[in-house]
Amino acid sequence: MSIVVVEGEKLKLSNLSKKMWPDENITKAEFINYYVKIAPFLLPYLKDRPVVFTRYPDGIKGKAFYQKNIPDYAPEWLKTYDEVSFNNGRKKIIRYAVLNDLKSLLWAANQASLEIHPWLSRIETIDYPDFAVFDLDPMENTGFEDARQLALALKNIFDMEGIKGFPKTSGATGIQIFVPVKPQYTYNEVRNFVEFFCRVLEKTFPEKSTTKRNVKNREGKVYLDYLQNVKGKTLIAPYSPRPLPGAPVSAPVTWEELEKGVLPDAFNIRNMPERLKKVGDLFQGVLKEKQKIDKWIEKIF
């Protein structure tokens, strides 16, 4: 165990020699150091958002679990958000972590949180997302190339409609496109906005894409998952690693890179810090652009 002081707080970092990605010889120490390097780029996308973790205490080949509620031993200084709900008169509270600073991010990393999934809305506007997300998820007998072609087709639609979207790899085989919006629309309105364009894409490319929820009906197609736009649902954060061979990360890319045929496993925790030094944060438009989508909502309703 190693004790470090980060932003005035003591952190106990444990099991630093444990192999998180055994085949790549990536230890927990290297994984934590990755978060240190990318923190200035990652933290803006986590700020004031409840997050969910996928934890791998024994590395990617061990058992994993999905964690919403922070553990009882979480430090008192960790910022949290309580989601309160009632079921049959019973009060239920989920206490989410909110990672606003380096010490919180490293605390999460020490929990072997290989994946970080933030909400689409911030605490102060929790019912109003500031991203509309298009999740292009290849199903059986499809792959990244199919998602890439559909993403470019969606870009053409956006260009015609005057919409700005920002793509990133999922870190696996999919592509996610974030359309930043003003946090004044409900999740239902944003979801309907995304569904509208997903159905346009499905109608244009019926042999390649589908919005059908039944998994059996998705084989050989890319699933256009507009249902990710629901309060409490999450997508992998940009720059977050994935528990896959090669330690890939969810990487923001340019539309030009997608056109040239960028590969989904091109970016990993060992080369992403250097890429960020060269190209900077390609996703920052997601935070800076705040688009109005009234005219499409009016069409839908």
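For the numbers below, each heavy atom of this structure counts, side chains included, while hydrogens, waters and symmetry mates do not.
Around NZ of Lys68, the count of heavy atoms belonging to other residues, nucleotides or ligands within 6.0 Å does not exceed 12.
For Pro273, the side-chain contact (heavy atoms from CB on, under 4.5 Å) criterion is met by Tyr34, Lys37, Ile38, not counting sequence neighbours. Applying the ring-ring contact (aromatic ring centres under 6.0 Å, His included) criterion to Tyr56, with sequence neighbours excluded, gives no partner residue. Take Tyr35 and apply the ring-ring contact (aromatic ring centres under 6.0 Å, His included) test, not counting sequence neighbours, and it matches Phe31. The side-chain contact (heavy atoms from CB on, under 4.5 Å) search around Asp265 returns Leu263, not counting sequence neighbours. When the ring-ring contact (aromatic ring centres under 6.0 Å, His included) test is applied to Tyr128, no partner is found at least two apart in sequence or on another chain. Remark: Asn87 engages no residue in a side-chain hydrogen bond (donor to acceptor under 3.5 Å, both in side chains) (not counting sequence neighbours). The ring-ring contact (aromatic ring centres under 6.0 Å, His included) search around Phe131 returns Phe178, not counting sequence neighbours. Every residue two or more places apart in sequence or in another chain was checked for a side-chain hydrogen bond (donor to acceptor under 3.5 Å, both in side chains) with Ser240, and none qualifies. Remark: Asp294 engages Gln184, Tyr185, Lys292, Glu298 in a side-chain contact (heavy atoms from CB on, under 4.5 Å) (not counting sequence neighbours). Residues satisfying the side-chain contact (heavy atoms from CB on, under 4.5 Å) test with Lys164, not counting sequence neighbours, are Phe166, Glu289, Gln291.
Distance alone, capped at 3.5 Å, is enough to place a donor-acceptor pair between the Arg242 side chain and the Ser170 backbone. Between the side chain of Lys28 and the main chain of Ser14, a donor-acceptor pair closer than 3.5 Å is present. In this structure a side-chain-to-backbone donor-acceptor pair under 3.5 Å is present from Asn192 to Asn188. Judged by distance alone, the side chain of Asn271 and the main-chain N or O of Asn268 form a donor-acceptor pair under 3.5 Å. Panel note: side chain Arg191, backbone Asn229; a donor-acceptor pair is recorded below 3.5 Å. The backbone N or O of Lys221 lies less than 3.5 Å from no partner atom in the side chain of Asp146, so there is not a single donor-acceptor pair. Judged by distance alone, the side chain of Asp127 and the main-chain N or O of Thr186 form no donor-acceptor pair under 3.5 Å. A donor-acceptor distance shorter than 3.5 angstrom exists from the side chain of Gln284 to the backbone of Asp281, with no hydrogens or angles considered. Not one N or O on the side chain of Asp82 forms a donor-acceptor pair closer than 3.5 Å with the backbone of Arg95.
Hydrophobic clustering, with ILVMFWY side chains joined whenever heavy atoms are under 4.5 angstrom apart, keeps Leu287 apart from Leu282. A single hydrophobic cluster is not seen to contain both Val51 and Ile236; linkage of ILVMFWY side chains at heavy-atom distances under 4.5 Å, directly or through other members, places them apart.
A salt bridge links Arg270 and Glu30; the closest N-O separation between the charged side-chain nitrogens and carboxylate oxygens is under 4.0 Å. The pair Asp130-Arg49 counts as a salt bridge, with a side-chain nitrogen and a carboxylate oxygen less than 4.0 angstrom apart. The pair Lys79-Asp101 does not meet the salt-bridge criterion, since no charged nitrogen lies less than 4.0 angstrom from a carboxylate oxygen.
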Contacts table for residues 243-254: side-chain donor-acceptor under 3.5 angstrom, sequence neighbours left out:
from, atom 1, to, atom 2, distance (Å)
Ser250, OG, Lys168, NZ, 2.7
Ser250, OG, Thr169, O, 2.6
Thr254, OG1, Glu257, N, 3.0

Listing, residues 119-126 side-chain donor-acceptor contacts under 3.5 Å, not counting sequence neighbours, or none:
from, atom 1, to, atom 2, distance (Å)
Ser121, OG, Ile126, O, 2.8
Ser121, OG, Tyr187, OH, 2.7
Arg122, NH1, Lys47, O, 2.6

* Quick one: do Arg199 and Glu195 satisfy salt bridge (charged side-chain N to carboxylate O under 4.0 Å, His left out)? Show the steps, please. => CA-CA 6 Å; Arg199 293 198 181 278; Glu195 180 184 359; 2.8 Å; yes

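Distance CD1/Ile60 to CG/Leu114: 8.0 Å, rounded to 0.5 Å.
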